Structures are given as C-alpha cells and as structure tokens.
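For the numbers below, each heavy atom of this structure counts, side chains included, while hydrogens, waters and symmetry mates do not. What you see is a predicted model, and the numbers here were worked out from it, not measured in a lab. Order of appearance sets the numbers: ligands from 1, and atoms from 1 within every ligand.
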Amino acid sequence: MKLLEEVQLKLVSSLKGKDLLTLLDYTSEEVQDLVKLATKLKVLTKAGKCPKLLEGKTLGMLFEKHSTRTRISFEVGMNQLGGKAMFMHSRDLQIGRGEPISDTGKVLSGYLDAIMIRANSHEMVKELAEHATIPVINGLTDIYHPCQALADLETIAENKVELKGLKVAFVGDGNNVAHSLVVACAHVGMNIAVATPPGYECNAEIIAKAQEIAKANGSTVTVTNDPIEAVTDADVIYTDVWTSMGQEEESAKRLVDFKDYQINDALVAHAKPNYMFLHCLPAHREEEVASSVIDGPNSFVFEQAENRLHAQKAVLVSLLA
Ligand code: CP
Ligand code: NVA
C-alpha cells in the first residue's frame with residue numbers, strides 16, 4: 001500500500017451532479033474508478049485523514065423499508081466527509097399521506113444537496129429523480145441495490161490480485177442484489193454465473209444488458225438452475241435471503257422452493273479452495289447459508305458490510321464534491 005501522502009484522490013468527475021439509480025447508467029470505466037476511489041478513501045479514513053470534501057452539504061435519507069447497514073453507513077460516511085445526513089421515514093413525511101413523490105422531490109431539492117432513498121418501487125425512485133434537481137442515490141429498490149454491488153466489488157478487489165477473469169457464483173433468488181451484482185461484475189470483466197430455482201430467475205432484460213457489457217469487457221454472464229454448475233471453480237460465492245423485504249407472505253413457499261440452493265459445506269467443495277463467501281446481510285443462518293460457511297474462514301461478510309461505508313463515500317464525493 002502506498003504511503004498516505006502519495007494517495008492521489010481522483011474523483012469520478014464525469015459523475016458530478018448525476019443520479020445513481022442503477023449501475024447500468026454508468027460506464028465500465030466509471031464503475032472501475034469508483035471502486036479504486038473507495039479503497040483510497042478507506043485507507044485515508046483508517047489513518048484518520050478522510051478528506052472533508054462535503055463540508056456544508058446535507059444528504060437526506062428517505063426510507064420506506066428497514067435498514068441497518070445502508071442507513072448507518074451513509075450517515076457515518078457523510079460525517080466523515082464533513083457533511084451531514086438526515087434520516088426520514090416515509091410514514092412521517094406527507095408522502096405517507098399521499099403527497100406526490102414529484103412534489104416531494106421538488107421541495108426536498110430546495111433544502112438538500114442529495115437524496116438517498118430506499119423504496120419499494122424502482123419506478124417511484126425514477127420519478128423522484130426526474131423531478132428532483134439534486135442527485136438521487138438508490139439505497140435499494142425492488143429491482144436494484146447498486147451501492148451494495150459497489151461495496152461487493154471493493155471487497156473482492158481488496159482480497160484478490162485482479163478482478164478481471166475471476167468467477168463469481170450467485171446462488172439463490174434472482175433479486176435486487178443479484179441484478180446489481182450481475183451488472184457490477186460485467187463492468188469489471190468478472191465472469192458471473194447465477195443459479196436460481198425455476199421461477200425465481202433474474203429479469204431477462206437486465207441479464208441481456210449485463211451480457212452486452214460483459215462481452216465488451218471480455219467476460220460472461222450465465223444463468224442456470226443448477227447450483228453446482230454455478231459454484232464449480234468459483235472464486236467468489238454470493239447469496240442473499242430467500243425472502244426479501246415485502247415478500248414475507250411467500251416465505252413458507254420459498255423455504256420449500258429454495259431448499260436445494262443453500263450454501264453449505266457440500267456445495268462450496270466445488271469452488272476454488274480459496275473462494276470468498278459474500279452476503280449482503282442480513283443473513284438467515286441455516287436457510288440460505290450454513291453457519292459453517294458464513295462464520296467460517298472463507299467468509300468476508302463483515303469486511304463487505306464495512307466497505308459499504310467507503311464505497312458510498314466514493315459515490316458521494318463523485319456526485320457532490
Ligand atoms: N445490505 C443492506 O443493504 O443492509 P441493510 O438492509 O441493513 O441496509
Ligand atoms: N434482497 C434483500 C436485500 C436486503 C439488503 C431485500 O430486498 O430484502
């Protein structure tokens with residue numbers, strides 16, 4: 001690692017003033033540069049030298065759903081950068097009583113410098129971004145979780161020699177986390193294989209778009225219903241909960257449908273011996289992942305959770321500084 005004095009911060013200046021709704025809207029170079037910037041900000045932060053690039057700026061954080069990592073890491077990240085963050089739950093705002101999201105976006109743009117939103121519907125976030133005149137950052141929707149995927153890339157990059165050419169296996173639900181991971185892997189030239197039960201596949205349009213990006217970066221995006229096929233020779237194994245927020249009424253059926261997709265010792269035996277296990281968290285031990293794996297020596301889940309802080313700081317400074 002370079003001496004601190006030599007750490008040159010290169011903001012991703014092409015992103016200034018933009019939104020982060022999905023990594024499909026960013027170029028591969030922008031994604032790769034954000035990951036490098038995240039690691040530099042991590043080094044500086046750990047040395048007590050996080051640059052105060054966002055002094056006087058306020059991030060509004062609007063939540064329709066629960067959160068531990070996203071809420072806390074965005075708030076702490078803004079503090080470390082010299083700015084402030086404000087938590088808002090939709091039920092406390094007038095949107096909870098029917099004020100249009102378009103009006104809310106215009107009003108909040110007069111007070112804040114950026115909005116981070118965790119919402120049920122991606123369409124609603126798009127509408128907010130259309131009407132807000134400040135950057136809108138997606139903190140998870142029904143379709144995407146781009147901030148998570150940037151932290152995932154950072155975690156792999158910090159633990160492997162090179163991202164390009166690695167094989168990532170995502171096993172589980174073809175959900176928001178899977179979609180953003182697929183796009184993120186494509187942007188950095190990692191091969192990704194997604195194994196889902198029949199009926200729980202990723203959105204075909206997102207896969208097709210990711211395949212195009214991957215092709216340009218010399219990698220592949222493949223989908224299968226066979227977890228062993230996905231995990232064979234993998235450098236990284238990733239899973240997420242079988243029942244996402246808002247799907248609770250399907251939980252009993254999902255427990256049955258996903259039972260052969262658990263990440264356990266038998267399945268990981270097909271991966272490379274030095275595979276990394278990742279999970280966006282929160283996790284359900286003995287459902288999507290065995291305790292022996294998530295609490296075992298190949299698990300990087302807490303480092304991954306910490307990296308949300310630094311990856312999001314890379315986004316915040318590039319959009320706002
Ligand atoms: N991974 C993630 O987004 O966690 P939270 O739901 O706790 O924010
Ligand atoms: N897929 C999960 C991710 C939580 C961070 C959900 O949407 O609930």
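Close contacts of ligand 1 with H145, meaning ligand atoms under 4.0 Å from a residue heavy atom, involve 2 (C), 3 (O). Atoms of ligand 2 lying under 4.0 Å from any heavy atom of L281, numbered from 1 in the order shown and given with element: 5 (C). For ligand 1, the atoms lying closer than 4.0 Å to a non-hydrogen atom of L281 are 1 (N), 2 (C), 4 (O). Contact atoms of ligand 1 toward C280: 1 (N) (distance under 4.0 Å to a heavy atom of the residue). Near T68, meaning under 4.0 Å from one of its heavy atoms, ligand 1 places the atoms 5 (P), 7 (O), 8 (O).
Checking only distances, P282 never comes within under 3.5 Å of ligand 1, N or O to N or O. At under 3.5 Å, a nitrogen or oxygen of S244, whether backbone or side chain, sits near a nitrogen or oxygen of ligand 2.
Considering only non-hydrogen protein atoms, atom 4 (O) of ligand 1 sits nearest to R69 NE, 2.8 Å. Closest to atom 7 (O) of ligand 2, if we only count protein heavy atoms, is N176 ND2, 2.9 Å. Protein heavy atom nearest atom 8 (O) of ligand 2, with residue, atom name and distance: M245 N, 2.8 Å. Looking from atom 2 (C) of ligand 1 to the surrounding protein, the closest heavy atom is R308 NH1, 3.3 Å. Of the protein's non-hydrogen atoms, L140 CD1, 3.9 Å is the one closest to atom 4 (C) of ligand 2.
Y144 pairs with exactly one of N176, N203, L21, T22 by the side chain to side chain contact (heavy atoms under 4.5 Å, CB included) rule, that one being T22.
Among T70, D240, D142, the residue whose heavy atom sits closest to atom 1 (N) of ligand 2 is D240. Distances from atom 6 (O) of ligand 1 to the heavy atoms of H279, H66, Q304, R118 show the closest one on R118.
For K253, the NZ atom counts as loosely surrounded, since its 6.0 Å shell holds 12 or fewer non-hydrogen atoms of other residues, nucleotides or ligands.
Distance check, rounded to the nearest 0.5 Å: OG1 of T155 to CZ of R308 gives 10.5 Å.
Here K209 does not pair with E212 in a salt bridge; the nearest charged N to carboxylate O distance is not below 4.0 Å. Checked for salt-bridge contact, K18 and D25 miss the test: no charged N lies under 4.0 Å from a carboxylate O.
In this structure, the ring of Y261 has its center no less than 6.0 angstrom from the ring center of Y200.
For R118 (side chain) and G139 (main-chain N/O), a donor-acceptor pair under 3.5 Å exists by modelled atom type.
Annotation: side chain of E158 is in contact with side chain of N307 (closest heavy-atom distance under 4.5 Å).
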Step-by-step salt bridge (charged side-chain N to carboxylate O under 4.0 Å, His left out) determination, D233 to K167: CA-CA 7 Å; D233 291 330; K167 179 181 181 186; over 6 Å; no
